[in-house]
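In what follows, a single structure is set out as structure tokens and then discussed.
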Amino acid sequence: MRVLVRRLCEMGNANKELAARNDQVFIGTYTRYPAAMVKGAGCRLTDAEGKEYLDFLAGIAVCGLGHCHPAVTAAICRQAGELTHVSNLYYTEPQTELAELLTAHSFADRVFLANSGAEANEAAIKLARIWAGENRYEIISLTGSFHGRTMATVAATGQVKFQKGFEPMPEGFCHAPFGDLASLESMITDQTCAILCEPLQGEGGVRPLDRDYLQGLRRFCDKYDLLLIFDEIQTGMGRTGTLFAYEQLGIVPDIMTLAKALGNGLPIGAMLTTKRIAAAFTPGSHASTFGGNPVASAAAVATMKVMLADGFLAEVRAKGQYLHDQLQLLAARFPALATKVRGLGLIQGLVLTEAGVEKGGAIVSRMFEKGCLINFAGNVALRFLPPLIVSREEIDQMIQLLAEVLGDI
Ligand SMILES: *Cc1c(COP(=O)(O)O)cnc(C)c1O
């Protein structure tokens, strides 16, 4: 009995204790919520004190199949027991199978595997530059975009707050105003080699670009012989209701980057392109020690097989519509705080009013206290990124909690 009481007391402080240990050893790059997560299953997380959370963030669009999906866990365990790493000096079956799946289900026919989104974008930037040849190196991206935290991808990112203090930025990046085709065209010069863009800006506040705009970018790329690079790191892997967002746009990019949900939680990124463009990279042009690691690749193969099964993506579209409709009803109920809902599939944003924006952080914190994880993106919208396996009941539960929080605020 005494042992049990002591264990419960220890558990009662477990979150705080881990936070205190963390503060002693980590460089302070993160502001964290006071929870030490210990277990995940489906759309639920449990912290060190036994509190449960309904997860509408999925590790920021990473755990598309939810936490510890049995097929992915089994693939990871199987591969970890056979071979975990050999370097890219040798072939392995998991990465081959992954590249076969990616090319079979996209416009692309060549793949480079990396470990993260930023690295996938770095590979895309390098490929665009070497493809374009001498003195064509400039990449136009959009204001409000997010492309990663390495120096080149920070330079490509169209938000000054990520660049501040790290100047000078690497050369060869400029930013066109969001959604304005004419100004983008006026920025194209003899030095331009590519346009880099997210079909829907995730970090920027769940801001979709319209179809006409994106088709316009495709036209410019054809007209001026530029590469169209789609950063689908957040929108890819079923998030928008199709395997890739470009499928809904009536256009095809030249290069596409993936990461986040690709390995359902294991670190892996990919840069996809056509055979013709890929030929600009030759042996030695680019490499990654861990890229395409067998365990991460096996996780990605298992993830893709689940997503490609009959009916999976149709369900994402149906549930995305349901989440959208429920959020719309909330927006109508709380017009002082929220204006509208935008997004595609299961990436949805509740856009806040000026007064609402003031409370954005507080709304997320109150939701956290109530045991529901969401976030506030781009200082403009509450962002909802549930695992794609979320149920309608779980959507109802989140909406119920959000209604309580908005009511209190
Ligand atoms: C998350 C994200 C990145 C960066 O990915 P990392 O794995 O954190 O390097 C790049 N682009 C977009 C659109 C993202 O959402």
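When a ligand or atom number is given, it counts from 1 through the structure's own listing order. For the single chain, residues carry numbers from 1 onward in sequence order.
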Holding to side chain to side chain donor-acceptor pair (under 3.5 Å), I want the full list of residues that pass it with T157, two or more places apart in sequence or in another chain. none
D254: which residues meet the salt bridge (charged side-chain N to carboxylate O under 4.0 Å, His left out) condition with it, sequence neighbours left out? R218
Looking at E49 and K16, is there a salt bridge between them, counting it only when a charged N and a carboxylate O are closer than 4.0 Å? no
Quick test of your reading: applying side-chain hydrogen bond (donor to acceptor under 3.5 Å, both in side chains), list the pairs with at least one residue in residues 56-75, sequence neighbours left out, ordered by first then second residue. D55-H67
Under 4.0 Å from ligand 1, residues with heavy atoms, in chain and number order, are S116, G117, A118, N121, F146, H147, G148, E198, D231, I233, Q234, K260
Note: E185-R219 ion pair, threshold 4.0 Å (strictly below): no
Within a strict 4.5 Å, meaning less than it, do heavy atoms of the C197 and L209 side chains meet? yes
